[in-house]
Protein chains: 2
Amino acid sequence: MADSVVLDPVDLDILRLLQNDARTTYRDLAAQVGVAPSTCLDRVTRLRRSGVILGHQLRLDPARMGRGLEALLSVQVRPHRRELIGPFVERVRALPESRALFHLAGPDDYLVHVAVTGTADLQRLVIDEFTSRREVARVETRLIFQQWECGPLLPPSSTPVSTSASSPLSPSVSGG
Amino acid sequence: MADSVVLDPVDLDILRLLQNDARTTYRDLAAQVGVAPSTCLDRVTRLRRSGVILGHQLRLDPARMGRGLEALLSVQVRPHRRELIGPFVERVRALPESRALFHLAGPDDYLVHVAVTGTADLQRLVIDEFTSRREVARVETRLIFQQWECGPLLPPSSTPVSTSASSPLSPSVSGG
DNA sequence: ATTGAAAGTAACTAAAG
DNA sequence: CTTTAGTTACTTTCAAT
């Protein structure tokens, strides 16, 4: 569970480039990093096996998918016990409107990132899927004006890094 | 700016499959969708050109990158004027700890998703990069226990969809 | 717009430095 | 660990429908 991973400058360069465009070929990767293509293949294979690389994902434009409005829902689930929060998490993950779900420390137990058609859709979602539930004590809705991704994800220090970590991030992408 | 896009069942199948694994070959895609590989290539090319597909991204495990602690920072920027929020957004986006940034409607102006080494790193980040800034009126920090992605992103209704949308989502991934 | 087949590249394997 | 060479597989083009 706690795999020890060492990332050298070559790994970091590769990861940085692939975060910009995951379709970059090993040949292009090799040219920019300064090693042979087969070395790049080997590094990427190792990074996938070691769990540093979780997967390759398509980034879509929610607006062009017909979901032009996004919002964050802060949710209190009370009582906050396993019997209630387990099913709650699974139900929220299964909603087609859900993009991400966070279990938090603080007065608001969960934060749900949702993408909807418009305000009517959002209202329906909040009422029918959240506030109408007995275990949901409170929902606070905040609209998203604009959002930015802030990659690439890099190690804390600039020198080779050794990490021993059991990831709290669920590797599965699709709800199920 | 408001490109009209029509997604038929073939497009939706392709997008659904690629969201599970963006490395799926056109050959495999074709076999599962029931069209020729060249058709899949054509569809994907169109989806990229039309802006539905923003890019192919690598998903990494923050913990194995040496960032085992994640948090959400709610930030009030006052006064909330363009002269202040523009530079604020750019500075936050440029932080190596930032993973995502949201501009919100509500009492908290911004939500920042950060990944750090530990509590000491988080404390330093909050104090040195946020609360010490004159334009930052208030910061509220919530730790992330666990998080889930909830894909795949699909259109609101199950039948072919026509959308006319100018996206509020910034297409750029890397801070810059 | 979709197809099938041909041509061009890339991914991957294996053997050697 | 890296490189080079060679095999397999995929991507891409294109003429035809």
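Just so we're on the same page: letters track the sequence lines, and every chain starts at 1. This is a predicted model, so every value here is computed, not measured.
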key: Beyond-backbone contact of B/I14 with B/V10, side-chain heavy atoms, under 4.5 angstrom   = yes
message = Expressed as a whole number of angstroms, how long is the span from A/I14:CD1 to C/dA11:P?
response = 13 Å
inquiry  = Distance check needed: D/dT8 P versus A/L41 CG, whole Å only.
reply    = 17 Å
message = Does any part of the side chain of B/D121, heavy atoms only, come nearer than 4.5 Å to the side chain of B/E97, both counted from C-beta?
response = yes
key: Atom-to-atom span, CZ of A/R49 to C1' of C/dC12 - whole angstrom   = 12 Å
Interface polar pairs with nucleotides 15-17 of chain C, N/O, under 3.5 angstrom:
none

query = Distance-only, no hydrogens or angles: does the B/D108 side chain make a donor-acceptor pair with backbone N or O of B/Y110 under 3.5 Å?
reply = no
ask   = Do B/D11 and B/R46 meet the salt-bridge criterion of a basic N to acidic O distance under 4.0 Å?
value = no
Between the protein and nucleotides 2-5 of chain C, which nitrogen or oxygen pairs are less than 3.5 angstrom apart?
unit_1, atom_1, unit_2, atom_2, d
C/dT2, OP1, B/R43, NH2, 2.3
C/dT2, OP2, B/R43, NE, 3.0
C/dT3, OP2, B/A36, N, 2.8
C/dT3, OP2, B/T39, OG1, 2.5
C/dG4, O6, B/S38, OG, 2.8

ask   = Any sub-3.5 Å donor-acceptor pair from A/R16's side-chain atoms to A/L154's backbone N or O?
value = no
query = When you measure from the side chain of B/R67 to the backbone N and O of B/P62, does any donor-acceptor pair fall under 3.5 Å?
reply = no
query = Does B/Q76 reach the main-chain N or O of B/V136 with its side chain, forming a donor-acceptor pair under 3.5 Å?
reply = no
key: Interatomic distance where CZ belongs to B/R23 and C1' belongs to D/dA9 [whole Å]   = 14 Å
task = Please state how far atom OH in A/Y26 lies from atom P in D/dA5, giving the value in whole angstrom units.
result = 22 Å
query = Within this structure, what is the CG-to-C1' distance between B/L29 and D/dT12, rounded to whole angstrom?
reply = 15 Å
task = Specify the separation, in whole Å, of atom CG of A/L47 and atom C1' of D/dC1.
result = 15 Å
inquiry  = Less than 4.0 angstrom from a charged side-chain N to a carboxylate O is my criterion; do B/R78 and B/E135 meet it?
reply    = no
